[in-house]
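Worksheet for the structure shown next.
Along the sequence shown, the residues carry numbers beginning at 1. Every number for a ligand or one of its atoms is a count from 1 in the order of the listing.
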Amino acid sequence: MNDTAATLDATDPLASFRQEFHLPPGPDGQPCAYFCGNSLGLLPRAARAAVEREFASWEERGVEGHFLGASPWMHYHSTLAEATARLVGARPLEVVVMNNLTVNLHLLLVSFYRPTATRYKVLMEGGAFPSDQYALESQARLHGLNPDDVIVELVPRPGEHTLRTADIETKIAELGDSLATVIIGGVNYYTGQAFDMAAITKAGHAVGAFVGFDLAHAAGNLELHLHDWDVDFACWCTYKYLNSGPGGTSGVFVHERFAERPDLVRLAGWWGHDASERFKMKKGFRPMPGAAGWQLSNAQIFPMAIHAASLDIVERAGGMPALRRKSEQLTARLESHIRALNLPAAKLEIITPTDPAQRGCQLSVLVHERGRELFDFLADQGVIADWREPNVIRLAPVPLYNSFADVDRVGEALTRFFS
Ligand SMILES: *Cc1c(COP(=O)(O)O)cnc(C)c1O
């Protein structure tokens with residue numbers, strides 16, 4: 001930490017983006033140090049005007065808004081495809097924005113979890129986000145199977161907090177022909193561990209399984225190359241690192257190799273039907289090529305308008321490579337502040353991997369003593385972190401709106417607490 005936060009902020013090429021967000025006030029009325037972008041990203045100033053434009057279109061045009069205006073609602077989802085594809089390293093055909101995350105996870109599993117008498121296992125990370133656990137349990141039951149027979153959970157070795165890629169690969173090889181689908185969070189929400197998605201996909205394909213990722217904590221956080229990694233399917237929410245508002249819309253990826261596979265079993269709706277004859281209202285579902293063929297309903301214009309404004313910010317900032325460069329610096333600085341406390345692991349330890357390639361921006365701190373007290377102390381100092389039972393504090397410095405001064409503010413608060 002040779003440079004001061006002031007120097008780093010003054011030379012930060014992304015510094016001006018902080019002004020594009022509303023920073024909630026802390027207890028002293030000054031902007032808080034917001035480290036909760038992994039739970040709910042902040043409100044972009046452009047979001048309100050983006051929604052107002054759609055209100056205006058509705059007000060002035062009524063139903064004609066589907067066909068007229070700058071972004072007619074009828075084709076709204078396709079206006080997001082290019083930026084979404086760049087965000088996750090995909091081709092525009094491979095992505096679509098629709099619904100919410102858990103809904104999309106189910107829709108994708110209908111297509112990519114097709115158990116047979118011998119190939120019916122699902123591999124997940126142990127302690128996956130509860131919604132993903134419930135989704136998989138219910139998918140097993142949907143096929144008349146017992147979730148306990150279906151779901152195999154990966155757990156860290158004794159004394160370790162995170163998973164080793166080699167152990168994941170070994171488990172996949174062991175399951176072999178019995179493995180139907182691998183579904184893992186790209187970044188684990190609790191530990192902050194980022195998985196080697198290319199290696200996991202390769203291992204899964206080697207035994208003939210489908211491989212998908214829940215990218216809730218990875219989209220907008222990591223550089224992703226879903227197409228090149230050969231991932232089969234993925235979905236993510238847009239309200240965490242993508243700042244698109246509570247309950248915001250969700251993104252979906254389906255690899256190009258399935259783009260022209262109308263035979264793939266799926267739950268269908270009119271918005272996934274061949275657009276050229278959608279309004280002929282004919283019998284017989286014929287999906288659009290690509291991820292768009294998984295759509296059910298007409299697009300949710302208001303959440304998508306916010307998302308369009310948010311994606312525009314990411315693009316203007318230079319996309320994920322630029323965000324990731326600053327992100328690694330912020331997280332490294334946060335990590336050195338915590339290490340400088342010199343506390344024994346019995347008191348406090350960082351459970352997120354130290355290797356930047358194995359984490360996103362978040363650091364998860366396991367606080368063995370006085371955890372809740374520390375969390376409340378941080379809040380009193382205007383540091384908004386996030387508490388996970390039983391005793392983990394998650395801190396996520398986000399490159400679009402967090403400054404190096406914010407990171408130092410956490411460091412100073414921690415020092416005061418422990419001195
Ligand atoms: C945040 C999160 C969810 C939330 O699901 P919603 O359907 O958006 O409510 C699901 N899975 C993971 C891994 C998450 O991090």
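- Within the structure, salt bridge (Lys or Arg N to Asp or Glu O under 4.0 Å) pairs that include any residue of residues 122-150 do not occur (at least two apart or interchain).
- Classification of the Phe377-Phe417 ring pair by plane angle, with boundaries at 30° and 60°, yields tilted.
- Relative ring orientation between Phe375 and Trp387 is described as tilted, the plane-to-plane angle lying within the 30° to 60° band.
- Ring geometry, Phe258 versus Phe210: the interplanar angle exceeds 60°, so the pair is classed perpendicular (tilted spans 30 to 60°).
- Residues in residues 214-229 take part in no salt bridge (Lys or Arg N to Asp or Glu O under 4.0 Å) pair, two or more places apart or across chains.
- For the ring pair (Phe, Tyr, Trp, His ring centres under 6.0 Å) test, residues two or more places apart in sequence or in another chain that qualify with His255 are His227.
- Listed as neighbours of ligand 1 are Leu101, Thr102, Phe129, Asp132, Asp214, Ala216, His217, Tyr239, Lys240, each bearing a heavy atom under 4.0 Å from the ligand.
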